[in-house]
**Student:** 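Handing you this structure, nothing more for now.
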2 protein chains.
Amino acid sequence: MKHLLPLRYIDVIARSGSIRKAADSLAITSTALNRRILAMEEELGVPIFERLPRGVRLSAAGEILIHHVRNQLSDMERVRSQISDLTGERRGHVSIACSQALLPFFLPNQIAQYRRAHPAVTFEVLVRDRAAAEQALVDMSADLALVFEPLRLMDFQILQRVRQPVYALMRPSHPLAQVETLRLRDCLRYPVALPTSQYGVRHLLELAVQRSSLTLQPVVESDSFEFLRSHALEEDILAFQIPIGLPIDTEGSDMVSRPLDIRDVPPGVLYFGQLRGRILPVAVSRFASQVLETLTHRFESD
Amino acid sequence: MKHLLPLRYIDVIARSGSIRKAADSLAITSTALNRRILAMEEELGVPIFERLPRGVRLSAAGEILIHHVRNQLSDMERVRSQISDLTGERRGHVSIACSQALLPFFLPNQIAQYRRAHPAVTFEVLVRDRAAAEQALVDMSADLALVFEPLRLMDFQILQRVRQPVYALMRPSHPLAQVETLRLRDCLRYPVALPTSQYGVRHLLELAVQRSSLTLQPVVESDSFEFLRSHALEEDILAFQIPIGLPIDTEGSDMVSRPLDIRDVPPGVLYFGQLRGRILPVAVSRFASQVLETLTHRFESD
DNA sequence: CATCCGTGCTGCAAAATTTGCATCACTAAT
DNA sequence: ATTAGTGATGCAAATTTTGCAGCACGGATG
């Protein structure tokens, strides 16, 4: 849609922080782009960007405007998609910001299921920590977010909340593999692998040890759950994960997972949400319904 | 804002039902306008308008689009207004669709009060019956609606609901002027003036007489409350009105108002609302808050 | 049935706008 | 001091938009 080209320009400049860089990625000259911005600022009567020696930054007015701009762009996508629906097609694009735990099983499974019904819908999955996920919603680089134990919740409209107890992950040969429900103090008698402190699982374990007299002394620490899991596959060590990050059927799996006793470690909460007040494109909305259904069916809501 | 000129074009064409007429009121040639529409339809891949021998009409796709278009236009106004706020001004425009009862006292009072604080804000008051008020919200010719006993409530987001018992209005010399609370059967012993059947007050009275064995036999009927009131001033006749249409202090008034017993006539409900899901411009939002405050303070909510 | 009026659409030339190049002025990092 | 990167600007070319005149069509009119 041509008429919102100026809006795309503003969006790209705001993201790249430089008119020249934006011009490159928009495949036009910086002159043209620069002048269009100047013209818009003229119309608006107020500068949209502050000029810095190394580029530009949104002004106060620009901050207000950018919200509107991104909304417009997104909303036009929704309109196009709805119009496509009229003519029989069903296209669309869904962008999801999520925690690492969703990567191995849950999201591939959900997306594959959705795409079986709607092959023309495309997906984008962005791994974001708890703070960045919300930011992705705000700047509309993501439509939906699935995050574990998020921090701030200003612009985050919760669609569903499910309880996620912490599970320990180990080789079948591990001494604890036979125990049905694990106590924290038993776990900590063995070497453990932990995610770094930015992650929700680590946070919950930290809280748990503070209540007891135990201490966390990880032999391996990483910001990659995939690495932690793989490492626990190599030596008799405990890794931790939440149910949504575990395979649905543990038959034939090379790892054993056992829940930690909730008296020791409180269950975390996985939040599924969108930007507050935003009207989602049809494809996104339908996919969200499916995820919501699955979450509700498979986990305890909180 | 130049970039949403095409959107204004679409809006005006949709309203006027003809490209040439729209072109006139937009002060451009029909050629230019026509070509822009053709270009947009090309971009969109779908016709926006159906071509009829006497003009154009929105197609199915156009119906979807026009919603988006009007939202965009309105939202940009909100952005401009918010940016103006940053630079110190406080401008804006508020358009209200309302029932006749609001005209003599309530709205003038509210608007005057608001304009004392914000003299640069302008107002527009459209008298609309119950169906047309909602339509005005939908096509965004009105920002807010204040209607008595509305019919459909699909796109109407209720901000407040207040109870409005029916009052009888008469000269101080009328025999019933001394009675504190009037019974319906007493009223109907005297000549009455009634609004036509499209109005809520009439509707409530009709309901009331159906429950009893009484009948309504108005000596005067009109679609103007002002006329009914004036006529009751001329002869000893009963008119009817709801509290919001009555002066606040009855001191020195040339008319007496007495409530009908709610056992006979159920109180009507006055609805204050906006278009569902719409983000209101700042000026509108602030005015709405003031009205809401007043309604809550002055009447029983329902 | 013939006429007429109002409609949207189109070819072509003029007008207006946008674009790109070369260049300037400026600032922070080197 | 130098350099590299930034946004702004004058001017001419390229592109887009506009307006005029006229066409084809279909319902209203008598």
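Quick note on labels: first sequence line is chain A, next is B, and so on, each numbered from 1.
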**Student:** Starting at CD1 of A:Ile13 and ending at C1' of D:dA8, how long is that distance when rounded to a whole Å?
**Tutor:**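 The answer, rounded to whole Å, is 14 Å.
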**Student:** To check you understand the geometry: which heavy-atom pair defines the closest contact between B:Pro195 and B:Leu228, and what is its length?
**Tutor:**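 Heavy atoms of B:Pro195 and B:Leu228 come nearest at N-CD1, 3.5 Å.
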**Student:** Which is true for B:Arg20 with a 4.0 Å heavy-atom rule: it touches a base, it touches only sugar-phosphate, or it touches nothing?
**Tutor:**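 Base contact.
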**Student:** Could you tell me whether A:Glu206 atom CD has more than 12 heavy atoms of other residues or ligands within 6.0 Å of it?
**Tutor:**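 Yes, enclosed.
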**Student:** Between D:dA8 atom C1' and A:Ile37 atom CD1, what is the distance in whole Å?
**Tutor:**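 Distance check: A:Ile37 CD1 to D:dA8 C1' gives 13 Å.
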**Student:** B:Asp24 has an atom CG; how far is it from atom P of C:dG8, in whole Å?
**Tutor:**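 Rounded to whole Å, this separation is 11 Å.
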**Student:** Base, sugar-phosphate or nothing for A:Ser30? Non-hydrogen atoms, less than 4.0 Å.
**Tutor:**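 Nothing, no nucleic acid heavy atom in range.
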**Student:** When you measure from the side-chain N and O atoms of A:Lys21 to the phosphate of D:dT6, is any distance below 4.0 Å, counting only OP1 and OP2?
**Tutor:**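 Answer is yes, contact under 4.0 Å.
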**Student:** Output yes when at least one side-chain N/O atom of A:Lys2 is less than 4.0 Å from OP1 or OP2 of D:dT17, else no.
**Tutor:**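 For D:dT17, OP1/OP2 do have a side-chain N/O of A:Lys2 under 4.0 Å.
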**Student:** Does A:Ser18 place a side-chain N or O at less than 4.0 Å from the phosphate oxygens OP1/OP2 of D:dT6?
**Tutor:**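 It does, given that an N or O in the side chain of A:Ser18 lies less than 4.0 Å from OP1 or OP2 of D:dT6.
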**Student:** A:Pro53 has a side chain; which of C:dT27, D:dC20, D:dG7 sits nearest to it?
**Tutor:**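 Within the option list, the nearest is C:dT27.
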**Student:** Measuring to OP1 and OP2 of C:dC5, would you say a side-chain N or O of B:Arg54 lies under 4.0 angstrom away?
**Tutor:**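 Negative; the distance criterion is not met.
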**Student:** Rounded to whole angstrom units, what separation is found between the CG atom of A:Leu5 and the P atom of D:dT16?
**Tutor:**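 Atom CG in A:Leu5 sits about 12 Å away from atom P in D:dT16.
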**Student:** Of all the nucleotides listed (D:dC20, D:dG10, D:dA8), which has the minimum atom distance to the side chain of A:Asn34?
**Tutor:**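 Closest of the options to the side chain of A:Asn34: D:dA8.
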**Student:** How many Å lie between CE on A:Met40 and P on D:dA8, as a whole number?
**Tutor:**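 Rounded to the whole Å, the gap is 15 Å.
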**Student:** Of the listed nucleotides (D:dT18, C:dT18, C:dT10), which one gets closest to any side-chain atom of B:Thr31?
**Tutor:**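 The closest nucleotide is C:dT10.
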**Student:** Evaluate the ring planes of A:His231 and A:Phe227, with Trp represented by its six-membered ring, and classify them as parallel (under 30°), tilted (30 to 60°) or perpendicular (over 60°).
**Tutor:**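 Parallel.
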**Student:** Just by distance, no angles: are the side chains of B:Thr196 and B:Arg202 close enough, under 3.5 Å, to form a donor-acceptor pair?
**Tutor:**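 Result is no, nothing qualifies.
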**Student:** Counting only side-chain heavy atoms from C-beta out, which of C:dC21, D:dT17, C:dG11 sits nearest to B:Arg35?
**Tutor:**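 That would be C:dG11.
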**Student:** Any side-chain heavy-atom pair from B:Glu124 and B:Val94 closer than 4.5 angstrom?
**Tutor:**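 Side chain of B:Glu124 against side chain of B:Val94, heavy atoms only: no contact under 4.5 Å found.
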**Student:** Taking the side chain of A:Arg51 as heavy atoms from C-beta outward, which of D:dG10, D:dG7, C:dA28 is closest to it?
**Tutor:**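 Of the candidates, D:dG7 comes closest.
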**Student:** Specify the separation, in whole Å, of atom CD of B:Glu42 and atom P of D:dT17.
**Tutor:**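 Rounded to whole Å, this separation is 13 Å.
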**Student:** What does A:Leu38 touch in the nucleic acid at a heavy-atom separation under 4.0 angstrom: a base, only the sugar-phosphate, or nothing?
**Tutor:**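 Since only primed, P, OP1 and OP2 atoms lie under 4.0 Å of A:Leu38, the category is sugar-phosphate.
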**Student:** Mind calculating the distance between CD1 (A:Ile19) and P (C:dT19) to the nearest angstrom?
**Tutor:**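 Answer to the nearest Å: 14 Å.
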**Student:** Rounded to the Å, how far apart are A:Ile28 CD1 and C:dT17 C1'?
**Tutor:**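 So the CD1-C1' distance, A:Ile28 to C:dT17, works out to 15 Å.
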